[in-house]
There are 2 protein chains.
Amino acid sequence: MAKVTRDDVARLAGTSTAVVSYVINNGPRPVAPATRERVLAAIKELGYRPDRVAQAMASRRTDLIGLIVPDARQPFFGEMAHAVEQAASERGKMVLVGNSDYVGEREVHYLRAFLGMRVSGLILVSHALNDLAAAEIDAWDARVVLLHERPEAIDDVAVVTDDVGGAHLATQHLLEHGYAYVACLGGVAETPTVGDPVSDHVEGWRRAMHEAGRSTEGRLFEALYNRYDAYQVGLELLAGPDRPPAIFCSTDDQAIGLLRAARELRIDVPGELAVAGFDDIKEAALTDPPLTTIASDRSAMARAAVDLVLDDGLRVAGARRERLKLFPSSLVVRRSCGC
Amino acid sequence: MAKVTRDDVARLAGTSTAVVSYVINNGPRPVAPATRERVLAAIKELGYRPDRVAQAMASRRTDLIGLIVPDARQPFFGEMAHAVEQAASERGKMVLVGNSDYVGEREVHYLRAFLGMRVSGLILVSHALNDLAAAEIDAWDARVVLLHERPEAIDDVAVVTDDVGGAHLATQHLLEHGYAYVACLGGVAETPTVGDPVSDHVEGWRRAMHEAGRSTEGRLFEALYNRYDAYQVGLELLAGPDRPPAIFCSTDDQAIGLLRAARELRIDVPGELAVAGFDDIKEAALTDPPLTTIASDRSAMARAAVDLVLDDGLRVAGARRERLKLFPSSLVVRRSCGC
DNA sequence: TGCGCTTTCTGCAGCGTTGTATACGAACCG
DNA sequence: CGGTTCGTATACAACGCTGCAGAAAGCGCA
């Protein structure tokens, strides 16, 4: 089973190798219909498949996109990764996936590995991108798009949702039910980030509270962005003496953990406690009670990220059409809010 | 920012290009310590990074592993994918991920794409691998390992769990609680497979039932392998006149959907209904009640799959050490069974 | 028929590595 | 002091493809 190369095809079709390439790639030069037919026939007969590695070598570009996420096992990132893969596939690209597991070194490791592989673009979902990673990106002069999160260490093209607006929306909605106040389960990064960037979620919540004349003092709690930690935090938080009447969580995953804690403590949701989440992951529709949350068009975002990284990720200063693509957040009312 | 190539390094180090390669790869030929030092220094000074594509081109192998799963958003597959990536990373490989979304064509599409990319191995999680896919694999003479599922269309190296044994174990455990019988929520493939391969889960359940002198007649139900469909099926199944006293589900994800349905119908688990799942996904510990299930060592399996595909996946007839690697299933007792 | 154009095809120089065949010293031996 | 042997380093031909420069062929028109 000797490998079939382009030369074999050219020979069989009675033409030159270049023409075979032109047929495969539709150009850069035109090929006469008759010739094209002969080449196509030869390709079929020999079962020829172009070697992508050689193509990449010669054309200096690959059909690869690198995607780095913290942990695709978390529903939100998993859905995001799925959407990115889908979008990439539509553009004929393959996706190299790397889970950083919230470890900075792993992030840099994958960054390096993917760039070495000459990916044609890199999509990063990370809130803790460090300087080392940024330096690596610069060194390779790579096309990078930040998705969902926008770390401070790096200045690049980003596709994000309007988190502040979304949090504001959710908090406001909760407030409209007449609860005395709304607490917030903010997120704490798995690995401490430099500085203390108040997350946009917290910011939006704070804003809505202040607008309604409520104090936020002592009403902000923290958990990792996943259900397991939120469950633990929830157990303490809800068992305490002055349990909040309503809680806005930074992620649905946290909300799910909180709901679980509430059930364990026999606290009725939404009867005794209202909850709202953020992200509208698929599971949010199947929690008990179904979760009121904030949605955004995930697949549109993924598509935007892929498009940006492929068409517009050039690092030439100022040459980009948009440096920031903001997607709107919308409220999805279910039952956990008390509606 | 011109690209730094090996030639630049060689020039700076005052040596030939081959020597640089030998240093990078710990050569096939030895390099004198002094020379190695100079080369290393030059590499550092220039910030040289070997081009993986060119390496692949010349060495005829890549550091890529292709992984095809039905849908990584489902917890089980997500955890599997994560484990594979982890294992691959330990071996210095990167992972190309493709979600088939249970569509045969997408599976073949990724198969083709990954093989064209000259992945050094392919790990497949699929129960519906068709002949087209098998032909594609043959055409490329690829190294393939089947993980978790073992479709009939293809004869290759596989890493699987003892599903029959696990299902038997779970059913038996349920039976020991004294329930009159145990129903089974079997899985139905998203896309109909040829023939009707009774899943191993069902087989194990059936065996345990028969051993205990129980009939399985009319006690087998079916749902897709995910929580959403199992929830729907569960609503009907549990609302019916003769509700089973205990149910063994083919996957934890199904069990979660079933639990959700039970709660909606105000059926107490495990008081009025015992449930056991299969897979021991992370979430199983956080359901209400925590799920009794069947576990196996996922990361060991992933590692085995990676090792097999890299070291042992040659398609030379009979040249393999093992064609089937079976991992044991163990019972994880939590509360949903009534213990 | 000859000229300028256009359209289509060909030859070939890369792309950045690997690894083989070979050259080069220096050390060792008789 | 020539010959052999080792340990290292070098030159260079692949690897399979792309895409440029330019040749060849076809075409319309004077």
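Chain A is the first sequence line, chain B the second, and so forth, proteins listed ahead of strands; every chain is numbered from 1. Any value given below was found using the heavy atoms of this structure, including those in side chains, with hydrogens, waters and symmetry copies removed.
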Interface polar pairs with nucleotides 6-13 of chain D, N/O, under 3.5 angstrom:
{"from": "D/dA9", "atom 1": "OP1", "to": "B/T35", "atom 2": "OG1", "distance (Å)": "2.3"}
{"from": "D/dA9", "atom 1": "OP2", "to": "B/A32", "atom 2": "N", "distance (Å)": "3.1"}
{"from": "D/dT10", "atom 1": "OP2", "to": "B/T15", "atom 2": "OG1", "distance (Å)": "2.7"}
{"from": "D/dT10", "atom 1": "OP2", "to": "B/S16", "atom 2": "N", "distance (Å)": "2.7"}
{"from": "D/dT10", "atom 1": "OP2", "to": "B/S16", "atom 2": "OG", "distance (Å)": "3.1"}

Open item on the list: Looking only at the side chain of B/A54 (C-beta and beyond, no hydrogens), which of the listed nucleotides C/dC15, C/dG19, C/dT17 gets closest?
Closed with: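 Per side-chain heavy atoms of B/A54, the pick is C/dT17.
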- [ ] Just say parallel, tilted or perpendicular for the rings of A/F76 and A/H148, cut-offs at 30° and 60°.
- [x]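 A/F76 and A/H148: tilted rings.
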Does the [X] side chain pair with the main chain of [Y], one donor and one acceptor, at a distance under 3.5 Å?
X      : Y      : value
B/D8   : B/T5   : yes
B/S89  : B/E85  : no
B/R52  : B/P50  : no
B/D71  : B/R73  : yes
A/T161 : A/S296 : no

Would you classify [X] as touching base, sugar-phosphate or nothing, given that sugar-phosphate means primed atoms plus P, OP1 and OP2, and contacts are heavy atoms under 4.0 Å?
X     : value
A/S21 : base
B/R61 : sugar-phosphate
A/N25 : sugar-phosphate

Could you check how far [atom1] of [X] sits from [atom2] of [N], rounded to whole Å?
X      : N      : atom1 : atom2 : answer
A/D7   : D/dA14 : CG    : P     : 13 Å
B/R118 : C/dT17 : CZ    : P     : 16 Å
A/R36  : C/dT7  : CZ    : C1'   : 14 Å
B/D51  : C/dC15 : CG    : P     : 12 Å
B/I24  : C/dG16 : CD1   : P     : 14 Å
B/Q55  : C/dC15 : CD    : C1'   : 14 Å
A/R60  : C/dA13 : CZ    : P     : 16 Å
B/M57  : D/dG16 : CE    : P     : 6 Å

Task: Separation of B/I65 CD1 from B/I123 CD1 (nearest 0.5 Å) - done: 5.0 Å
